[in-house]
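Following: one structure in C-alpha cells, then a few remarks.
The chains referred to below are lettered A, B, ... by the order of the sequence lines, with proteins before strands, and numbering in each begins at 1.
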Amino acid sequence: MIDAPDRMPLAREFFDRPVLEVAPDLLGRTLVRRTPDGPIEVRLTEVEAYAGEADPGSHAYRGRTQRNASMFGPPGHAYVYFIYGMWFSLNLVCGPEGTASGVLLRGAEVTKGADLARERRPKARKDRELAQGPARLATALDIDRTLNGIDICAGPEAPLSVLFGTPVPASRIRSGPRTGVGGEGAAHPWRFWADGDPTVSPYRAHVPRHRGKQE
DNA sequence: ACATTGATGCTCT
DNA sequence: GAGCATCAATGTG
C-alpha cells in the first residue's frame, strides 16, 4: 500500500532553510508522535520562529549552553526544554548545523489517537484544548526530555515525524508578536497561526515579573 | 469572558 | 538567586 501524498514525510531539506520560511510553512502539516500505545497525530495551527544567536528572544541568544545544544545541531531534529518547573516544550531545529534556529510548536488540532491524548490531558474539557498551547501540546503528545535531540526525519519508526499534510494557504496565515517575549525580541511578528482556528492559544503579551521586595 | 496568582524546579549569572 | 517561549484554579462580570 502506497502512502497518500499528504502522508509523505517532510525530508531534512524542508528544515534546512531560513526559519522564517519554515515556520509558516509548517502550519497545516501533520505531526506524528509514535508511542508504545499507538500513534497520536496533530495538525499544526500555531508556531513561533526563534532566529538563532542574533535573536534576543531565543534561548540561543547568549550562545551555546548545555540546555540549548540541540538547537546548534543539524536541522530536522527536536529541541525539547523544561520550563516553569513543570512543563516541556517542543521545537523543530531549522537551518544548517552550527546555526541555532528553531520553531516552537504552540498549538495543534488532534486528528488521530485522541483517546491517548485525552488520557494524558485529563483536565482538558474540550478536545480543542488538548494541544492548545505549547506545554499542552507536549503533554498530549507525551513529549519529554528523552526526545531532546532526536532525528525527526529518521523514517517510519521514528518517535516523531512531520508529514506533508495540507499546508495552510498563505492567505489564511496571520502573524504577530511572539507570546511571552519581551525586550527587543518583541518587535518581530514571528508568531504564525491559522486564522480562526479554535486550537490557536490565546495571545499573552510579555509581562515583566518583579519578585522580591517592591515598594 | 477576562484578570490574577500559585505551583514548581531547572538554567545561567 | 532571578527569571523563566506556562497552566489551571479562582475570582469577578
Whole angstrom is fine here: how far is it from CZ in A/Phe88 over to C1' in C/dC7?
15 Å

Can you tell me how far P of B/dC12 sits from CZ of A/Arg64, to the nearest Å?
12 Å

Can you see whether A/Asp6 engages A/Thr166 through a side-chain donor-acceptor pair at a distance of less than 3.5 angstrom?
no

Using a cut-off of 6.0 Å, state whether more than 12 heavy atoms not belonging to A/Met86 lie near its atom CE.
yes

Could you tell me the separation between the CG atom of A/Asp144 and the P atom of C/dT6, rounded to a whole number of Å?
19 Å

For A/Phe164, does its backbone N or O pair with a side-chain atom of A/Arg29 as donor and acceptor, under 3.5 Å?
yes

Measure the distance between the ring centre of A/Tyr84 and the centre of the six-membered base ring of C/dT6, then answer whether it is under 5.5 Å with planes under 30°.
yes

Whole Å only: how far is the CZ atom of A/Arg62 from the P atom of C/dA5?
12 Å

To the side chain of A/Gln66, which of C/dC4, C/dA8, B/dC12 is closest?
B/dC12

Would you kindly give the CG-to-C1' distance between A/Leu130 and C/dC7, to the nearest whole Å?
14 Å

Counting only N and O atoms by type, is there a donor-acceptor contact under 3.5 Å from the side chain of A/Arg33 to the main-chain atoms of A/Ile143?
no

Is the number of heavy atoms from other residues, nucleotides or ligands under 6.0 Å of A/Arg172 CZ greater than 12?
no

Distance, rounded to the nearest Å, where A/Leu90 contributes CG and C/dT6 contributes P:
14 Å

Touch class at under 4.0 angstrom, heavy-atom based, for A/Arg67 against every strand present
sugar-phosphate

Output yes if the stacking criterion (under 5.5 Å between centres, under 30° between planes) is met for A/Tyr50 over the base of C/dA5, else no.
yes

Taking A/His59 as the fixed residue, which of A/Tyr81, A/Phe72, A/Phe82 is the one that meets the ring-ring contact (aromatic ring centres under 6.0 Å, His included) rule?
A/Tyr81

Gap between atoms CZ and C1', on A/Phe82 and B/dC10 respectively (whole Å)
7 Å

Taking the basic N atoms (NZ, or NE/NH1/NH2) and the acidic carboxylate oxygens, is any pair closer than 4.0 Å for A/Arg128 and A/Asp197?
no

Derivation of the side chain to side chain contact (heavy atoms under 4.5 Å, CB included) call for A/Ile173 and A/Trp193:
CA-CA 6 Å; A/Ile173 295 177; A/Trp193 66 93; over 6 Å; no

Can A/His77 and A/Ile152 be said to form a side chain to side chain contact (heavy atoms under 4.5 Å, CB included), step by step?
CA-CA 5 Å; A/His77 287 240; A/Ile152 63 168; 5.9 Å; no

How is the base pairing of DNA chain C summarised as a dot-bracket string, given the Watson-Crick and G-U wobble criteria with both distances under 3.5 Å, [ ] for crossing and | for another strand?
||||.|||||||.

What nucleotide, of C/dA8, C/dA5, C/dT6, holds the atom closest to the side chain of A/Arg204?
C/dA8

Using atom OH of A/Tyr203 as one end and atom P of C/dA5 as the other, report the distance to the nearest whole Å.
14 Å

In residues 99-127 of chain A, which residues come under 4.0 Å of DNA chain C by heavy atom?
A/Leu104, A/Arg106, A/Arg121, A/Lys123

Looking at C/dA8, I'd like to know if its phosphate oxygens (OP1 or OP2) sit under 4.0 Å from a side-chain N or O belonging to A/Arg136.
yes

Nearest to side-chain heavy atoms of A/Pro134, which nucleotide of B/dT11, C/dC7, C/dC4
C/dC7

With distance as the sole criterion, do the side chain of A/His206 and the base of C/dA5 form a donor-acceptor contact below 3.5 Å?
no

From the options C/dA5, C/dC7, B/dT8, select the nucleotide whose nearest atom is closest to the side chain of A/Trp87.
C/dC7

Hey, is the main chain of A/Pro198 close enough, under 3.5 Å, to the side chain of A/Gln132 for a donor-acceptor pair?
yes

